[in-house]
Amino acid sequence: MEPREYVINGVKYVARTPREDDFDEMIELHKTCFPSTLEEDGAWRVDQLESHLQMFEDGQVIITKNEKIVGVSSSLIVTMGRDPLRHHSYYGITDDGYFFNHDPQGDTLYGAEIYVDVAERGQGIGAVLYELRRDLCRRLNLRRILAGGRLWNYENYKDKYSPEEYVHAVQDGLVKDPVMGFQLKEGFVVRDVMSNYIRDPRSMNYATLIEWLNPDYNRHEGEDRKVRVACVQYQMRKIADFDEFAAQVRYFVETAGEDYGVDYVLFPEFFSVQLLSAMEPYSSRDGIRKLASLTPKFRELMSTLAREQGLHLIAGSHPVLQDDGRLQNEAMLFRPDGSYVSQPKLHITPSETTWWGITGGNQLHVIQTPKAKIGILICYDVEFPEAARYLAEQGVEILFVPYCTDNRQGYLRVSKCAAARAIENQIYVVTSGVVGNLPDVPAMDIHYGRAAVFTPSDFEFARDGIQAEADPNVETMLVTDLDVKDLYRSREAGSVTPLMDRRRDLFELKVNFTAD
């Protein structure tokens, strides 16, 4: 979310999305706010907070005062099925605190946590967090907000009241409960009492099941979740300087945004190597490091274009120098606000190692965007099924694959594997490659490319599992619409359901990196 300023009792507070450098402070605040729960379960952990951002960035909010965090809210979207008020546990509904079960197709915003600095309580910070949560529910057109509310003072009344009687006593004003009292004031209704909801001595593990119904909810069962993607089939040709490169890139981004209203634009792998044609001749290893020195300028250009057109720009890939002197091949996704996330290539081809000395990265990013959850695999990466499977298990709906291949055999390896990833994971796979020649640039002489968008192979989709495909080896831009809801219909009731039918009793995907 964009930062929002609030003035409360003459003091300025700022609500914004948390960043990784906020995590330690959020954890310390959590420990302070819930000391009794801490004894049972411990506070949030960094890997859980990282997962919250990755799964559902819009649902995570902090409030700061003079840059100090004084309030936190964490939410996810869930599907409650035919019995939305069924009993559940905190650990089950939040997938042990990782939010892996966040479902963009769900109809319920689940409030996992809200906590406010003890020294700031009574200032209205909690009310702001609840209002932001209601705003999110309205904006996403969700049916309701559900949450489990701790019975904050039940430990003191357990010999006098049953949990249900305690709730009635609070509602009747006979007992003070700061949590439930505040939730009732914020318009929530107690629907039931749940046992064994959370390990919390103060609540004796009980919690209320509270609900807020969205008065503006508009049911759209037949409405498609359409997104429009553009694949730039970029021609490599000699240029005079960076400005000429920028003009060529700008033409495609402006055309995609202004003429076609595109949501996502994909450029090919290593298309920035075209910049070497404007420099004096270098050896391949010296040239790629010279190109890496232009990373700040490259980022500035792409960030500006994404902001100007208000779209998500997957800027192909570009060599990036690491702090330890290594080079990585990285695909940067630039958001409409100009910020970006960088996905390194994991699997490095023999030619990348030999010619350029590039090494592989160790992270896979799952990127939540307003219209879809997306991931990026660079060229060779899509030829390894484990990476795509991991992304699919994390909820990725559209996989973007920028590639650079010099001949038809290389193109076929990428495209056929991309099609396989779409089928086996029931996702969309969007690909784009370079075309044209750079005679004076080592290792980038000739290219073969054909942009395409692949789908699962079933009745919901195009006959051949190819949503759209460009003519090969010509500079062009492929534009097509994707309906994300078709993926979920296929997963639930397709001719085959490979995601559902996996033999998890026989095969397990083991991940040896820290998930983000």
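Please read all numbers here as calculations on a predicted model, not as lab measurements. Along the sequence shown, residues are numbered consecutively beginning with 1.
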- Message: Among Arg389, Glu393, Arg491, which residue satisfies the side chain to side chain donor-acceptor pair (under 3.5 Å) criterion with Asn425?
- Response: Arg389
- Please determine if Arg150 forms a cation-pi arrangement with Phe34, meaning its NZ or CZ atom is less than 6.0 Å from the six-membered ring centre and no more than 45° off the ring axis. yes
- Message: Is a donor from one side chain sitting under 3.5 angstrom from an acceptor on the other, for Asp263 and His312?
- Response: no
- Please report the C-alpha distance between Glu460 and Ser490 in whole Å, then the side-chain angles of each, then the deciding distance to 0.1 Å, and finally whether the side-chain hydrogen bond (donor to acceptor under 3.5 Å, both in side chains) criterion is met. CA-CA 7 Å; Glu460 299 279 353; Ser490 174; over 6 Å; no
- How many angstroms lie between CG in Asp107 and OG1 in Thr79, if you round to the nearest 0.5 Å? 6.5 Å
- Note on the structure: Distance col, row Leu146:CG vs Ser75:OG, nearest 0.5 angstrom, shows 11.5 Å
- Message: Less than 4.5 Å apart, side chain to side chain, heavy atoms only: is that true for Tyr115 and Leu29?
- Response: yes
- Determine the interplanar angle of the Phe298 and His318 rings, folded into 0 to 90°, and report it as parallel if under 30°, tilted if 30 to 60°, perpendicular if over 60°. parallel
- NE2-OH distance between His88 and Tyr90, expressed to the nearest 0.5 angstrom: 10.5 Å
- Considering non-hydrogen atoms only, spot the tightest contact between Leu53 and Pro18 and give its length. CD1-O, 3.5 Å
- Query: Hey, does the side chain of Gln426 reach the backbone of Leu487 with a donor-acceptor pair shorter than 3.5 angstrom?
  - Reply: no
- Query: How many angstroms lie between atom SG of Cys417 and atom CD of Glu424, to the nearest 0.5 angstrom?
  - Reply: 9.0 Å
- Message: For Lys68, is there any backbone N or O sitting under 3.5 Å from a side-chain donor or acceptor partner on Asn66?
- Response: no
- Query: Should Arg133 and Ser73 be marked as a side-chain hydrogen bond (donor to acceptor under 3.5 Å, both in side chains) after you check the CA-CA gap, both sets of side-chain angles, and the distance that decides it?
  - Reply: CA-CA 8 Å; Arg133 192 176 274 174; Ser73 171; 3.0 Å; yes
- Note on the structure: Of all heavy-atom pairs linking Ile27 and Arg45, the shortest is CD1-C, 3.9 Å
- Task: Look up atom CD1 in Ile145 and atom CZ in Arg138, then write down how far apart they are to the nearest 0.5 Å.
- Result: 8.0 Å
- Return the minimal non-hydrogen interatomic distance between Gly187 and Trp212, and the atom names on each side. O-CD1, 3.6 Å
- Message: If you take the centroid of each ring, where Trp contributes its six-membered ring, are Phe400 and Tyr264 closer together than 6.0 Å?
- Response: yes
- Task: Give a yes or no on whether a salt bridge exists between Asp135 and Arg4, defined as a side-chain N under 4.0 angstrom from a carboxylate O.
- Result: yes
- Item | Distance (rounded to the nearest 0.5 Å) between Arg16 CZ and Ile63 CD1 | 11.0 Å
- Check whether any side-chain heavy atom of Lys226 lies under 4.5 Å from a side-chain heavy atom of Leu482, and answer yes or no. no
- Pair Asp21 + Arg19, salt bridge at N-O below 4.0 Å: yes
- Evaluate the criterion salt bridge (charged side-chain N to carboxylate O under 4.0 Å, His left out) for residue pair Glu397 and Lys373; output intermediate values, then yes/no. CA-CA 5 Å; Glu397 298 157 327; Lys373 186 177 288 189; over 6 Å; no
- Just say parallel, tilted or perpendicular for the rings of Tyr380 and His347, cut-offs at 30° and 60°. perpendicular
- Message: For a quick test of reading the model, state the closest non-hydrogen atom pair linking Ala388 to Arg421 and the distance between them.
- Response: CB-CD, 3.5 Å
- Tell me, yes or no, whether the heavy-atom count around Asp323 atom CG, taken from other residues, nucleotides or ligands under 6.0 Å, exceeds 12. no
- Item | With Asp458 via salt bridge (charged side-chain N to carboxylate O under 4.0 Å, His left out) - residues at least two apart | none
- Item | Closest non-hydrogen atom pair between Glu25 and Ile69, with its separation | OE2-N, 2.8 Å
- Task: Please check if the distance between the ring centroids of Tyr166 and Tyr206 is under 6.0 Å.
- Result: no
- Looking at Arg134 and Glu186, does any basic side-chain N land under 4.0 Å from a carboxylate oxygen? yes
- Query: With no hydrogens and no angle check, do the side chains of Tyr340 and Arg299 hold a donor and an acceptor under 3.5 Å apart?
  - Reply: yes
- Any donor-acceptor N or O pair under 3.5 Å, side chains Glu120, Tyr13: yes
- Task: Would you indicate whether Glu300, at its atom CD, is surrounded by more than 12 heavy atoms from other residues, nucleotides or ligands within a distance under 6.0 Å?
- Result: no
- Message: Quick check on the 6.0 Å ring-centre criterion: do Tyr130 and Phe188 meet it?
- Response: yes
- What closest approach, in Å, do Asp381 and Pro344 show between heavy atoms, and which atom pair accounts for it? OD2-O, 4.3 Å
